*Asks:* 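This is the structure I have questions about; it appears just below.
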Amino acid sequence: MILIVEDEEKIARVLADYLTAAGYTTALLSRGDGVGAWVREHRPELVLLDLLLPGKPGLEVCRELRSFCDVPIIMVTAMVEEIDRLLGLELGADDYVCKPFSPREVVARVKAVLRRRQATPNPGTAQPVQAMGPFTLDEARMRVTLHGETLELTVSEFKLLRKLLLHPGHVFSRTQLLVELHGTDDEAFDRAIDTHVKNLRKRLGPSAGMLRAVYGVGYQLELE
Ligand code: CA
């Protein structure tokens with residue numbers, strides 16, 4: 001069962017419809033308080049959690065849930081920049097989607113998170129850390145090291161770097177990277193990718209040259 005915590009009735013209904021069509025059963029709560037108790041009692045497979053909620057804000061609900069269980073949580077928010085900053089604080093959410101979103105994309109995210117969880121039956125234990133060139137990628141901890149030093153990354157920067165690292169040399173269009181980061185190919189976010197790349201380059205320091213812009217196409221990472 002997927003629990004949808006969302007106070008905007010229309011959005012909640014659309015999400016429920018799409019998830020039901022994808023074969024999931026859904027439950028709906030429209031307030032943040034009471035989510036903890038509900039989850040304790042009903043043990044849903046996954047929680048879709050809106051950020052702005054009456055009763056108790058989504059971030060607090062997320063912390064509360066994490067204090068007693070590891071149910072997968074996907075945050076839903078209209079505040080792209082805000083969530084990026086806040087999720088950097090090890091909030092424990094598994095993923096997030098930004099409003100406006102396509103319900104189809106949300107369903108895809110739900111499936112992906114559940115698949116990931118099934119692949120790692122003990123989410124608390126370490127997944128193998130992969131080494132690629134001068135980098136190591138620790139997906140479970142959302143951590144990347146470069147020449148042995150841990151990079152300080154926001155969630156968006158981590159996702160971006162992860163995508164590029166897993167496909168070295170591959171040229172990704174801005175649209176592909178947007179979908180990876182925000183679950184949308186809305187062109188309104190187009191410039192956000194450039195900003196994330198710019199910030200990511202700063203984090204890479206002297207190795208920034210590995211992250212290249214391919215004129216008129218997008219970005220690629222070439223391992224040294
Ligand atoms: Ca809301």
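Both counts, for ligands and for their atoms, begin at 1 and track the order of listing. Since we're looking at a predicted model, the values are computed, not measured. Here, residue 1 is the first one in the sequence, and each next residue gets the next number.
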*Asks:* For Tyr18, does the six-membered ring have the charged nitrogen or CZ of Arg104 within the cation-pi criterion, i.e. under 6.0 angstrom from the centroid and within 45° of the normal?
*Replies:* no
*Asks:* Knowing that exactly one of Lys202, Arg162, His196, Arg203 qualifies, which makes a side chain to side chain donor-acceptor pair (under 3.5 Å) with Glu157?
*Replies:*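 For Glu157, the side chain to side chain donor-acceptor pair (under 3.5 Å) check succeeds only for Arg203.
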*Asks:* With a 4.5 Å limit on heavy-atom distance, are the side chains of Pro72 and Val113 in contact?
*Replies:*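 In contact.
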*Asks:* Establish, yes or no, whether a centroid distance under 6.0 Å links the rings of His167 and Phe172.
*Replies:*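 Yes - the distance between ring centres of His167 and Phe172 falls below the 6.0 Å cut-off.
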*Asks:* So, 3.0 Å as the limit: is an N/O/S atom of Glu6 located closer than that to the Ca ion (ligand 1)?
*Replies:* no
*Asks:* Check whether any N, O or S atom of Leu52, backbone or side chain, sits closer than 3.0 Å to the Ca ion (ligand 1).
*Replies:* yes
*Asks:* What angle sits at the Ca ion (ligand 1) between OD2 of Asp50 and OD1 of Asp7, to 10°?
*Replies:* 90°
